[in-house]
Amino acid sequence: MLMKSAEHSGNAVFGPEAGAIAERFPRDFVWGVATSAYQIEGAAHEDGRGDSIWDEFCRRPGAIKDGSSGDRACDHYHRIGEDVGLIASLGVNAYRFSMAWPRVQPLGAGEWNEKGFDFYDRLVDGLLERGVGPHLTLNHWDLPQALQEIGGWMNRDTVGRFADYAAEVARRFGSRAATIATHNEPWVIAILGHQAGTFAPGLKSQKAAMQVSHHLLLSHGIALQALRGQRCAAPLGIVLNQGPTHAVTNSPEDLAKARLDDGLTIRWYMDALLRGSYPEDVLAFLGEDAPRVAPGDMATIRQPLDFLGINYYTRNLSGTGVPLGPVESGREVTDMGWEVFPAGMTELLLRLQADYRLPPIHVTENGAAYRDRLVGGRVADVDRIRYLQSHIAAMADALEGGVDVRGYFVWSLLDNFEWADGYSKRFGLVFVDYDTQQRTLKDSALWYRQFCSRARASGPWRRASGDGVRP
Ligand code: FCB
């Protein structure tokens, strides 16, 4: 089914430079691919799954660029046998996926849906049988719609609902998951979902957005307590989207704006999680829009983290009058309009290391959308290979600079439903024909397979942090 392009294996594009980069990583480094439930599963109305806020958002005229939804997506729900085989065929030792809360608890409270849990049981067991570690995320944005109807993440009660869900997942999967992350990218849920309104649930209020960000962080803390209360064996963490913020000019106004944007995107989350406080300058900027914080909340948020997931795609350019989103810099961009800026990954990781007492880091997402074309059974996605190679090299620079990076996950395994962009953006290592659901390995998949096998075979045994010499 999938090996159509295997004859011209990645050799053509896997050069000596890639081999030299692979050798800079310890052999026990975690190499993976990532997806999320709503973007690939489909089967949105089957086997008792409840609606999520994304099902609802997709029904709004104009919300999704191509008018599509995740109703069918990659039909992964019906194809897990094939897809687990596909993951294993890449030679990765890790797969990051999310569980759809409304699939396992349709109303976000009360009854569990056994058919939903069965699906994730088959997925997790299938991965383990093939030696692939299941890295589970509890919330990759698809909140049960029933909870949205009573305020969603704006309602403090959702925090308790989320902790119940986390505890149930720990009971069932805690000993099989390789890691468990609470949330994926709380900034996106808060800001794009509640301030910009471009993502579900589509609200436009800074005050709501900041209250949501606080409830997400609080629910992370309470969920970690609940997971640990279940004696969950898996290392626990959270996934943040981050990139360095650079000012567009050196004017004092632009520098000040860049500092504030750094506060809103990085320090807001990192200070809360690792120091138990919100940054003063951001609180002052927010004024009346600052969230209501109850006594004890900040200590709850600051739970010990076993790992921190960082999703890195690009840097942010900031200045007075510069809108949120990609800014023209004259440099190469991907099909998302995101600047290709690998040095930003090194800069970000070294800066986080300097400013905080970091737990081990997983780069939980990195990758690029390009206008891939399937021609004669092959997708020659040279740009994606260059993107991946340069970013993995940038990660090696951070590792050698002393950052305890232990894992890397390409976004994404498959082309999939890219949120408000629908199916118009292709991020996969594997090309998906949405009419036939045929999967075809792109050249980048063949490249990554060769890269992972080289990294496992030739790197040093010892972690850069020196915490374990293997036989
Ligand atoms: C991240 C999301 C992921 C995907 C990539 C391109 O922000 O976590 O679901 O959409 O961007």
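Because only heavy atoms are used, hydrogens play no part in the values below, and waters and symmetry mates are left out as well, while side chains stay in. From a predicted model like this one, the values you see are computed outputs, not experimental measurements.
- Residues in residues 408-420 take part in these salt bridge (charged side-chain N to carboxylate O under 4.0 Å, His left out) pairs, two or more places apart or across chains: D415-R426, D415-K442.
- D254 is linked by a side-chain hydrogen bond (donor to acceptor under 3.5 Å, both in side chains) to T249, S251, T320, counting only residues two or more places apart in sequence or in another chain.
- Side-chain contact between L143 and W54: absent, with no pair of heavy atoms (C-beta onward) separated by less than 4.5 Å.
- Remark: side-chain polar atoms of T314 are not paired, donor with acceptor, to backbone N or O of V340 under 3.5 angstrom.
- For the pair M154 and A208, the tightest heavy-atom approach, listed with the atom from each and the gap, is SD-CB, 3.7 Å.
- Across all non-hydrogen atoms, the minimal contact from N316 to G243 is ND2-O, 3.5 Å.
- Evaluation of the ring-ring contact (aromatic ring centres under 6.0 Å, His included) rule for Y120 yields no partner, not counting sequence neighbours.
- Aromatic rings of H183 and W153 (six-membered ring for Trp) have centroids within the 6.0 Å cut-off, being under it.
- Salt-bridge annotation for D297 and R292: absent, with no side-chain N of the basic residue lying under 4.0 Å from a carboxylate O of the acidic one.
- No donor-acceptor pair closer than 3.5 Å links the side chain of H194 to the backbone N or O of G202.
- With a 4.5 Å cut-off on side-chain heavy atoms, F162 and H215 do not count as touching.
- Residues satisfying the side-chain contact (heavy atoms from CB on, under 4.5 Å) test with Q206, not counting sequence neighbours, are Q195, M210, F285, L286, D289.
- Aromatic rings of H362 and F29 (six-membered ring for Trp) have centroids beyond the 6.0 Å cut-off, not under it.
- Inter-residue side-chain proximity for V403 and L399 is flagged as unmet; no heavy-atom pair is nearer than 4.5 Å.
- Counting non-hydrogen atoms of other residues, nucleotides and ligands closer than 6.0 Å to CD of E17 gives a total of 12 or fewer.
- Sequence neighbours left out, the pairs with a member in residues 385-399 that pass salt bridge (charged side-chain N to carboxylate O under 4.0 Å, His left out) are R24-D397, E332-R386, D383-R386.
- Listed by first then second residue, pairs satisfying salt bridge (charged side-chain N to carboxylate O under 4.0 Å, His left out) with a partner in residues 336-361 read D262-R351, R315-E339, R331-E339, R351-D355, not counting sequence neighbours.
- Ring planes of F451 and F25: perpendicular class, angle over 60° (limits at 30 and 60°).
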Yes or no on side-chain hydrogen bond (donor to acceptor under 3.5 Å, both in side chains) for S424 and D66, after CA distance, side-chain angles and deciding distance? CA-CA 7 Å; S424 67; D66 56 7; 5.4 Å; no
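- Between the side chain of D381 and the backbone N or O of S444 there is at least one donor-acceptor pair closer than 3.5 Å.
- Remark: H391 pairs with Y312, Y387 by the ring-ring contact (aromatic ring centres under 6.0 Å, His included) rule, at least two apart or across chains.
- In summary, the aromatic rings of H214 and Y278 are positioned with their centroids under 6.0 Å apart.
- Taking all atoms of both residues into account, the shortest heavy-atom contact from P359 to L274 is CD-CD2, 4.3 Å.
- A salt bridge does not link D142 to R103: none of the charged nitrogens lies less than 4.0 Å from a carboxylate oxygen.
- Counting only heavy atoms from C-beta outward, the side chains of V30 and R406 never approach each other to under 4.5 Å.
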Please step through side-chain hydrogen bond (donor to acceptor under 3.5 Å, both in side chains) for the pair N241 and N184, ending with a clear verdict. CA-CA 8 Å; N241 54 302; N184 179 70; over 6 Å; no
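- In this structure R49 satisfies the side-chain hydrogen bond (donor to acceptor under 3.5 Å, both in side chains) test together with D55, sequence neighbours excluded.
- Judged purely by atom type and a 3.5 angstrom limit, T179 has no side-chain atom pairing as donor or acceptor with the backbone of P235.
- With sequence neighbours excluded, the residues satisfying side-chain hydrogen bond (donor to acceptor under 3.5 Å, both in side chains) with Y313 are E365.
- Considering every non-hydrogen atom in both G401 and L350, the closest pair reads O-CD2, 3.9 Å.
- Scanning both residues, L224 and P304, for their nearest heavy atoms gives CD1-O, 3.7 Å.
- Contacts of Y423 classified as ring-ring contact (aromatic ring centres under 6.0 Å, His included), with partners at least two apart in sequence or in another chain: F417, Y434.
- Within 6.0 Å of CZ in R371 there are 12 or fewer heavy atoms belonging to other residues, nucleotides or ligands.
- At least one side-chain heavy atom of L308 sits less than 4.5 Å from a side-chain heavy atom of I238.
- Between H135 and Y95, the distance from one ring center to the other does not fall under 6.0 angstrom.
- Applying the salt bridge (charged side-chain N to carboxylate O under 4.0 Å, His left out) test to pairs two or more places apart or on separate chains, those with a residue in residues 203-231 are R228-D306.
- Salt-bridge check for D281 with R267: passed, with a basic side-chain N closer than 4.0 Å to an acidic carboxylate O.
- Here the closest non-hydrogen pair linking F409 and A94 is CE2-CB, 3.6 Å.
- Between E168 and R172 a salt bridge is recorded (basic side-chain N to carboxylate O distance below 4.0 Å).
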In sequence, state the C-alpha distance, the side-chain angles, and the governing distance for W101 and S52, and then conclude on side-chain hydrogen bond (donor to acceptor under 3.5 Å, both in side chains). CA-CA 8 Å; W101 184 357; S52 77; over 6 Å; no
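- For the pair E41 and T35, the minimum side-chain heavy-atom distance is 4.5 Å or more.
- In this structure, M99 CE and Y165 OH are separated by 5.5 Å, a value rounded to the nearest 0.5 Å.
- Counting only distance, with no hydrogens or angles, the side chain of T137 and the backbone of N139 share no donor-acceptor pair below 3.5 Å.
- Here the side chains of E328 and V248 are not in contact, with every heavy-atom distance at 4.5 Å or above.
- Under the ring-ring contact (aromatic ring centres under 6.0 Å, His included) criterion, W141 pairs with F199, W419, sequence neighbours left out.
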Before you tell me yes or no, could you show the steps for L240 and E185 under side chain to side chain contact (heavy atoms under 4.5 Å, CB included), namely the whole-Å CA-CA distance, both residues' side-chain angles and the distance that decides it to 0.1 Å? CA-CA 5 Å; L240 305 176; E185 303 188 346; over 6 Å; no
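- Side chain of T364 to main chain of I310: a donor-acceptor pair is present (N/O by atom type, distance under 3.5 Å, no hydrogens or angles).
- Y38 has its side chain within reach of C58: a pair of non-hydrogen atoms, C-beta onward, lies under 4.5 Å apart.
- A salt bridge links D261 with K257: the closest approach of a Lys/Arg side-chain nitrogen to an acidic carboxylate oxygen falls below 4.0 angstrom.
- With values rounded to the nearest 0.5 angstrom, R302 atom CZ is found 14.0 Å from L217 atom CG.
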